[in-house]
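Note sheet for the following structure.
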Amino acid sequence: MILTSFPWLTAIILLPLMASLVIPVLPVKDGKQVRWYAIGVAIADFVLMCYVFAQNYDTSNSNFQLVETYQWLPTLGLSWTVSVDGISMPLVLLAGLVTTLAMFSAWQLDHKPRLFYTLMLMLYAAQIGVFVAQDVLLLFIMWELELVPVYLLISVWGGQKRQYAAMKFLLYTAAASIFILVAALAMALYGGDNLTFDIVELGLKDYPLGLELLLYAGLLIAFGVKLAVFPLHTWLPDAHGEASAPVSMILAGVLLKMGGYGLIRLNMGLLSDAHIYFAPILATLGVVNIVYGALTSFGQTNMKRRLAYSSVSHMGFVLLGIASFTDLGMSGAMLQMLSHGLIAALLFFLAGVTYDRTHTLALNDMGDIGEKMPKVFALFTAGAMASLALPGMSGFASEIAVFLGFSNSDIYSSNFRTVTVFLSAVGVILTPIYLLSMLRQLFYGTGKIPVCVVGDTVRQKDYQDNQETMCFGTNCVLPEQADYSDGKPREVFIALSFLVLIIAIGIYPKIATQLYDVKTVALNTQVRQSYTQISQENPKIYAKGLLSPKVKTSENASVVATIK
């Protein structure tokens with residue numbers, strides 16, 4: 001009974017947050033004490049969330065579970081209300097895994113370790129807080145709390161242009177998040193004197209369509225920035241290009257998913273009538289993201305910027321799935337967020353491993369390191385195969401679900417579906433081209449004669465004559481400047497932790513889909529009911545020839561409001 005009533009979610013949030021406050025008083029000689037302490041806290045929190053969900057979460061229930069409510073500022077309507085459902089629980093686990101492994105990947109960090117691990121644990125807590133907040137104002141507070149650690153992590157441990165990248169990230173995301181606050185206040189103040197920000201209670205309100213459309217548009221901007229939706233994506237390549245590998249892992253693996261989560265939780269869940277009008281826009285933006293991201297990746301000579309634009313492309317499938325009006329499409333959108341979180345974190349980690357050896361991210365300066373580092377080569381190749389949706393990998397399962405879900409949607413006309421699926425398929429075809437090209441530039445011989453800098457002299461040497469230096473592409477590095485050993489046990493363990501899950505989900509997707517299918521089906525039923533009602537009042541809601549409403553009388557059955 002005590003274990004059942006224990007505030008587990010609050011404990012999961014506060015454990016890393018409170019633990020971060022202890023770090024300033026820990027002894028620091030070589031950073032090992034702080035490192036082991038922080039990683040131990042991260043592992044303990046991840047194990048705790050796995051235990052709690054395994055023991056107390058019911059996958060057959062679409063409602064909020066493990067609900068904890070405490071009055072915080074009642075005069076402002078703010079309460080500490082946290083809970084999980086099929087949309088948030090898998091993302092909490094993703095955040096815990098990626099952040100823990102990201103901290104483990106920063107093993108060699110020796111610059112301001114106290115500050116680094118303090119910020120990482122604060123970021124850990126804020127991420128979990130965003131996904132479990134059942135109070136929209138609490139969600140906004142956690143959303144803002146997450147910005148500060150990321151800004152500092154980029155500006156202190158980033159590359160040469162880290163200040164510019166960090167400031168751009170902060171300005172974009174902070175400015176856009178104002179729309180979350182405005183929308184929260186508007187929904188809370190509408191329809192009575194009972195001021196509340198609780199998502200369940202807000203979902204029971206009947207907002208005018210005009211207000212819903214305005215709220216939806218504002219939230220689409222806020223979450224679109226986080227999801228890197230074109231043209232609100234430009235902060236992402238700069239942030240990835242300058243951030244250290246652990247921060248890039250979290251940026252791509254978790255923070256992007258906050259945008260998709262917000263679109264599903266608030267835009268689709270609370271503003272389902274407005275979603276009917278915006279769904280074609282989401283589908284169009286999804287196609288633009290897929291094709292634009294893939295095409296732009298070709299022009300990137302910086303390895304991490306190429307991977308960043310690849311993330312922009314893959315997030316387009318999330319938009320397509322959300323706009324599909326099908327159970328399979330919604331399931332594919334959720335699976336794409338989980339799958340991309342694992343794959344992107346793996347690729348950015350391996351990009352960091354490669355950078356540690358070569359001291360460069362310029363693809364034009366690399367080459368011929370596959371023979372020197374076969375383990376890294378094999379792991380990087382496996383990650384790239386997962387990203388290009390090789391059958392048997394999680395990327396294939398998620399993208400094929402989105403394709404089939406959208407192509408079988410009975411809401412859109414056949415013309416619109418054909419054009420959308422065709423253009424999306426073009427993006428899928430482009431993906432292996434730029435990823436395989438990256439692998440070729442990284443690991444295969446270029447045939448170029450490297451220019452070696454040894455001491456104060458600059459001279460050209462053939463590969464066979466480089467006895468004292470290690471060469472890659474057109475550059476050489478002295479042995480004391482770089483460790484060219486193959487993947488170390490710690491690095492192989494981190495990569496395999498991602499790969500095992502990627503392959504397991506690819507072979508048996510039900511491992512992931514069973515966690516959220518009940519909830520996504522309920523949400524899709526809700527928006528289809530809204531579509532049925534709106535299309536009956538306005539049969540020409542969609543342009544003739546582009547979208548063709550087809551209402552089935554069986555869909556007129558009521559849907560329980562609690563699915564919101």
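We're numbering straight along the sequence, starting at 1.
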Heavy atoms from other residues, nucleotides or ligands near NZ of Lys375 exceed 12 (cutoff 6.0 Å): no
Non-hydrogen side-chain atoms of Val132 and Val92 separated by less than 4.5 Å: yes
Sub-4.5 Å side-chain heavy-atom contact between Tyr516 and Leu338: yes
Closest contact, heavy atoms only, Gly341 versus Val98: O-CG2, 4.2 Å
Distance-only donor-acceptor check, side chains Ser310 and Tyr434, under 3.5 Å: yes
Any donor-acceptor pair under 3.5 Å from Tyr37 side chain to Ala19 backbone: yes
Close side-chain approach of Leu251 and Phe348, heavy atoms under 4.5 Å: no
Flag side-chain contact, heavy atom, 4.5 Å: Leu319 against Gln336: no
Backbone N/O of Ile290 and side chain of Ser313: donor-acceptor pair under 3.5 Å: yes
Residue pair Leu342 / Leu97, side-chain heavy-atom distance below 4.5 Å: yes
Residues Glu146, Lys226: salt bridge by 4.0 Å N-O rule: yes
Nearest non-hydrogen partners of Leu328 and Gly405, listed with the distance: CD2-N, 3.9 Å
Distance-only polar pair, side chains of Glu68 and Thr81, donor-acceptor under 3.5 Å: no
Shortest non-hydrogen separation from Leu93 to Phe46 and the atoms involved: O-CE1, 3.6 Å
Heavy-atom side-chain contact between Val318 and Asn289 under 4.5 Å: no
Note, Leu346 side chain near Phe380 side chain (heavy atom, < 4.5 Å): no
Worked check of salt bridge (Lys or Arg N to Asp or Glu O under 4.0 Å) between Asp238 and Arg305: CA-CA 7 Å; Asp238 290 320; Arg305 289 181 68 91; 3.0 Å; yes
Non-hydrogen atoms of Pro113 and Val34 that approach each other most closely: O-CG1, 3.8 Å
Glu144 and Ser177: CA distance, side-chain angles, deciding distance, side-chain hydrogen bond (donor to acceptor under 3.5 Å, both in side chains) verdict: CA-CA 8 Å; Glu144 293 295 287; Ser177 63; 2.4 Å; yes
Cation-pi check, Arg162 onto Trp157 ring (under 6.0 Å, within 45° of axis): no
Spacing of CZ belonging to Phe140 relative to CG belonging to Leu181, to within rounding of 0.5 Å: 4.5 Å
Under 3.5 Å side-chain donor-acceptor pair for Thr234 and Tyr172: yes
Ser331 side chain to Asp327 backbone, donor-acceptor under 3.5 Å: no
Spatial distance of atom OG1 (Thr118) from atom CZ (Phe116) [nearest 0.5 Å]: 10.5 Å
Donor-acceptor side-chain pairing of Gln134 and Asp198 below 3.5 angstrom: yes
Side-chain donor/acceptor of Ser387 to backbone N/O of Gly383, under 3.5 Å: no
Aromatic ring pairing His314/Phe317, orientation class (parallel under 30°, perpendicular over 60°, tilted between): tilted
Any donor-acceptor N/O pair, Arg35 side chain to Phe104 backbone, under 3.5 Å: no
Minimal non-hydrogen separation, Leu435 against Leu307, with atom names: CD2-CD2, 4.4 Å
Euclidean distance, Leu119 CG relative to Leu153 CG, rounded to 0.5 Å: 5.0 Å
Closest non-hydrogen atom pair between Tyr57 and Leu515, with its separation: OH-O, 3.9 Å
Side-chain heavy-atom pair Trp8, Tyr51 within 4.5 angstrom cut-off: yes
N/O donor-acceptor pair under 3.5 Å between Asn267 side chain and Phe223 backbone: no
Short side-chain to backbone donor-acceptor contact, Ser20 and Met122, under 3.5 Å: no
Donor-acceptor under 3.5 Å (Asn524 side chain, Thr520 main chain): no
Asp85 side chain to Ser88 backbone, donor-acceptor under 3.5 Å: yes
Cation-pi, Tyr309 ring and Lys304 (6.0 angstrom, 45 degrees): no
Flag for Trp80-Thr10: side-chain donor and acceptor within less than 3.5 Å: yes
Ile12 CD1 to Leu15 CG distance, which is reported to the nearest 0.5 Å: 9.0 Å
Inter-residue atom distance Arg306.CZ - Met438.CE, 0.5 Å rounding: 7.0 Å
Under 3.5 Å: donor-acceptor pair, side chain of Tyr261, backbone of Phe131: yes
What donor-acceptor contacts under 3.5 angstrom involve side-chain atoms of residues 494-508, with partners at least two apart or in another chain?
from, atom 1, to, atom 2, distance (Å)
Ser497, OG, Phe493, O, 2.8

